[in-house]
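What follows is a set of notes on a single structure, which appears directly below.
We count ligands from 1, going down the list as the structure has it; atoms in each ligand are counted the same way.
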Amino acid sequence: MADKKKKKDLDRNRTVDPAALEILSCTEGSGVETAYDRYLNMQPQCQYGNSGVCCTICIQGPCRITKKASKGICGAPAYTIVARNLIRAVLGGTSAHSDHGLHTTLALGEVADGNVKDYGIADPEKLKRLAERLEIVTEGRSDREILREVVDLALEDFTRVNGKYSAWLEKSVIPQRIEKFIECNIMPYSIHRTIAESMAQTHMGMDADPVNLVFQALKSALCDFVGMHIATDLSDVLFGTPSPSASEANMGVLEENMVNIALHGHNPILSEMVVKAAKEMQEEAREAGAEGIKCMGICCTGNEVLMRQGVAPLTNFLSQELAIMTGAVDAMVVDIQCIMPGIQSVAECYHTKIITTIPNAKIPSSYYIDFDETRAMEKAREIVRVAIETFKQRDPSKVNIPKVKNKVIAGFSLEAFEELLSSVNPDEPYKVITDAIEQGELEGLVLFAGCNNLKVPHDESHHTIAVELAKNNILPVATGCAAGTYAKLGLLNSDAVEKYAGEGLKAFINRLDEANKEKLNGEKLPLIFHMGSCVDNTRAYDLMTALARQWKVDTPKVPYAASAPEAMSEKAVSIGSWCVTLGMPVHVGVIPPIPGSPLVDGIALQIAQDVYGGYFMWEEDPQEAAQKLLAAIRERTWKLKVHKAAAEQYETELSPTW
Ligand code: BF8
Ligand code: SF4
């Protein structure tokens with residue numbers, strides 16, 4: 001066992017993506033260093049940090065809990081240290097997502113006031129639906145008037161200090177959840193207030209009570225949900241609500257004779273404009289000797305432009321540096337989050353330009369173009385022009401594009417999903433899913449989310465767990481880099497349905513295919529439904545809410561779990577925490593720094609379930625993880641059926657417990 005673990009840790013080629021593997025093999029010994037090499041150099045990693053018992057909150061530290069020292073210098077025991085570190089991780093995620101949401105909100109404020117010429121209201125229907133959800137009057141008002149009020153309410157959700165609770169949270173989840181949050185004193189007024197109070201609470205010499213700290217972490221995580229939901233809703237208003245479209249994914253989408261622009265990061269405000277500018281500037285590229293310009297995506301901005309524009313995903317988080325090593329990426333345009341600083345040194349070994357664009361996400365030596373919404377197209381053209389110029393410096397002897405790509409059908413916003421279901425049951429679309437679960441055709445649903453993390457082989461856990469669950473008739477939906485894995489590895493198309501779906505799942509997807517023949521323009525539905533970027537985990541949660549409404553139950557009764565098989569970022573910690581708080585069992589495939597306190601660990605794994613219905617499961621082995629997820633779903637389906645049968649037999653209300 002120890003030998004196996006050691007061998008796993010020493011293997012540089014830690015990936016099951018054939019394109020990534022090819023690049024790693026071809027460049028072995030070339031001197032170009034990537035995360036795969038740095039991971040090996042980093043071994044062994046600090047076990048105190050790993051288990052969460054290292055505190056650096058004040059500069060008496062670092063204090064770490066050992067056999068000799070059961071408390072930090074100030075007297076903080078392991079449970080205080082672990083819980084404080086946990087909140088701070090959640091706050092990192094909440095801040096990242098909500099800053100993204102705020103950026104989108106401010107841009108839409110400019111649209112409402114008529115101050116920007118390059119953006120508009122692409123989806124007025126979504127705006128109306130959103131306003132209605134938020135109980136904003138739409139009757140007799142112009143789109144811009146409605147938008148102004150939506151934006152003002154969003155801004156209040158960022159900054160309100162007391163009085164009213166977060167509108168986005170209150171209006172997006174079912175009332176039973178809100179009652180629970182008020183009862184537990186974790187219902188937030190606003191994002192910024194909660195971040196400030198949580199940072200204060202975790203200052204040296206403040207809160208030492210682990211339960212109080214963990215509850216505050218959950219309140220902070222609910223603010224993450226708010227910030228993400230605002231980002232998703234307003235991006236739909238600004239750029240359109242996604243609907244299914246076809247594309248291709250993996251390194252084989254690079255074109256040897258074209259200007260290749262990789263769009264990397266998270267915020268579609270920039271990437272949408274670059275895609276538009278590239279379409280207009282094809283002629284300029286031809287004059288430079290290329291056959292044209294092709295945009296492709298990495299990480300979540302890639303998911304955003306895939307969902308709305310059909311832009312091909314190039315790769316996901318862990319292999320971002322490897323994309324440059326194909327020698328065929330002319331510019332990698334980055335905005336915010338999950339951009340490894342390492343891309344710059346890799347780019348310096350090739351002709352690639354790294355173009356940074358956002359004031360709070362710069363990389364030394366990169367080419368910086370200050371993106372500005374008031375001059376969005378002008379800036380996007382400037383970016384594309386740099387890519388065209390860089391193409392001229394490409395060294396053909398260094399070009400090596402792995403011939404790996406797979407067909408992708410993506411774009412399943414909740415609205416798109418509902419439309420597919422409506423073709424089967426126009427009056428009660430979600431009954432198509434609840435019936436399939438009650439009749440045993442489907443076992444339930446699992447959301448695959450989250451990152452890559454070199455502590456487990458790249459993409460392996462994502463792939464193994466999803467395939468295993470699809471065989472067992474779980475309806476899989478995916479977001480973020482999990483969806484990136486499935487796109488690259490060929491699970492987002494109908495061939496994968498034939499190959500991997502269990503009989504029930506196959507019958508379910510075929511029924512949707514049959515009913516939607518015309519809407520799908522000759523395409524067929526995929527095995528896994530790509531619901532978008534990481535902020536779009538809110539779409540996946542809204543699907544859970546829709547099922548809860550259909551069954552008239554609270555969300556913890558719905559057989560729907562989440563899995564982050566290769567979780568890495570603070571954002572993954574905050575998303576996992578709100579999923580638990582909102583009632584989901586959540587599997588995490590890389591153990592986060594929590595087990596250093598058995599008490600905090602117990603809250604995450606067990607007590608959370610008693611209070612909120614959701615809970616965490618840590619499991620690194622993907623086969624084991626699949627079995628645990630399946631058991632969690634089956635337990636819920638079984639209980640739901642028992643409670644329903646009892647309610648019918650005794651003519652009572654459905655039991656509210658889970
Ligand atoms: O927000 S899944 S590695 S890219 S954090 Fe980052 Fe993780 Fe990818 Fe998207 Ni989400
Ligand atoms: Fe050590 Fe306490 Fe300071 Fe943390 S807050 S570093 S445990 S003295």
Side-chain angles (χ1 to χ4, degrees), residues 35 48 52-66 69-85 88-89 92-94 96-97 99-101 202-208 224 227-228 231-232 263-268 271 297-304 306 313-320 334-340 361 447-454 458-459 462 478-488 530-538 540 562-576 588-590 596-597:
Y48 298 104
V53 293
C54 177
C55 183
T56 57
I57 276 178
C58 89
I59 45 184
Q60 289 186 98
C63 293
R64 47 190 203 179
I65 302 303
T66 63
S70 64
K71 289 179 179 159
I73 294 170
C74 68
Y79 56 64
T80 304
I81 293 175
V82 169
R84 277 195 309 218
N85 287 344
R88 290 203 165 189
T94 302
H97 282 138
D99 213 39
H100 169 174
T202 55
H203 188 274
M204 188 271 151
M206 281 288 285
D207 201 358
D224 183 60
M228 293 169 76
T232 295
L263 300 163
H264 178 13
H266 284 76
N267 195 341
S271 48
I298 300 181
C299 287
C300 284
T301 218
N303 286 323
E304 299 274 356
L306 164 67
L314 177 58
T315 199
N316 58 355
F317 170 74
L318 199 49
S319 32
Q320 55 186 275
V334 306
D335 52 75
I336 49 166
Q337 300 166 20
C338 302
I339 300 145
M340 289 191 196
L447 159 65
F448 290 96
C451 327
N452 299 129
N453 183 328
L454 269 164
H458 177 206
D459 289 340
H462 283 308
T479 56
C481 286
T485 303
Y486 305 136
K488 290 187 302 172
H530 189 328
M531 296 194 86
S533 63
C534 284
V535 293
D536 296 335
N537 281 310
T538 54
S563 175
E566 302 175 24
M568 172 275 299
S569 73
E570 290 173 314
K571 292 179 288 170
V573 180
S574 54
I575 294 169
V588 184
V590 180
S597 162

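Atoms of the protein (N, O or S only) found under 2.8 Å from atom 7 (Fe) of ligand 1 are Cys451 SG.
In this structure, a donor-acceptor pair under 3.5 Å is present between the side chains of Asn316 and Thr485. Using modelled atom types and a 3.5 Å distance limit, the side chains of His266 and Lys571 yield a donor-acceptor pair. Under the 3.5 Å distance criterion, with hydrogens and angles disregarded, a donor-acceptor pair is assigned to the side chains of Gln320 and His264.
Contact annotation: for Arg84 versus ligand 2, heavy atoms closer than 4.0 Å belong to the side chain alone.
Under a 4.0 Å criterion applied to the non-hydrogen atoms of Gly61, ligand 2 contributes the atoms 6 (S). Those atoms of ligand 2 that come under 4.0 Å of a heavy atom in Met204, given as number and element, are 5 (S).
Compare Pro62, Cys63, Ala208, Cys58 by their heavy atoms: the one nearest to atom 7 (S) of ligand 2 is in Cys63.
Remark: minimum distance from atom 1 (O) of ligand 1 to any protein heavy atom is reached at His266 NE2, 2.6 Å.
In summary, Cys55 places no N/O/S atom under 2.8 Å from atom 2 (Fe) of ligand 2, failing the contact criterion.
Each of Asn303, Asn537, Thr538 was compared with Thr479 under the side chain to side chain contact (heavy atoms under 4.5 Å, CB included) criterion, and only Asn537 meets it.
The NE2 atom of His100 sits 9.5 Å away from atom CE of Met228, with the distance rounded to the nearest 0.5 Å.
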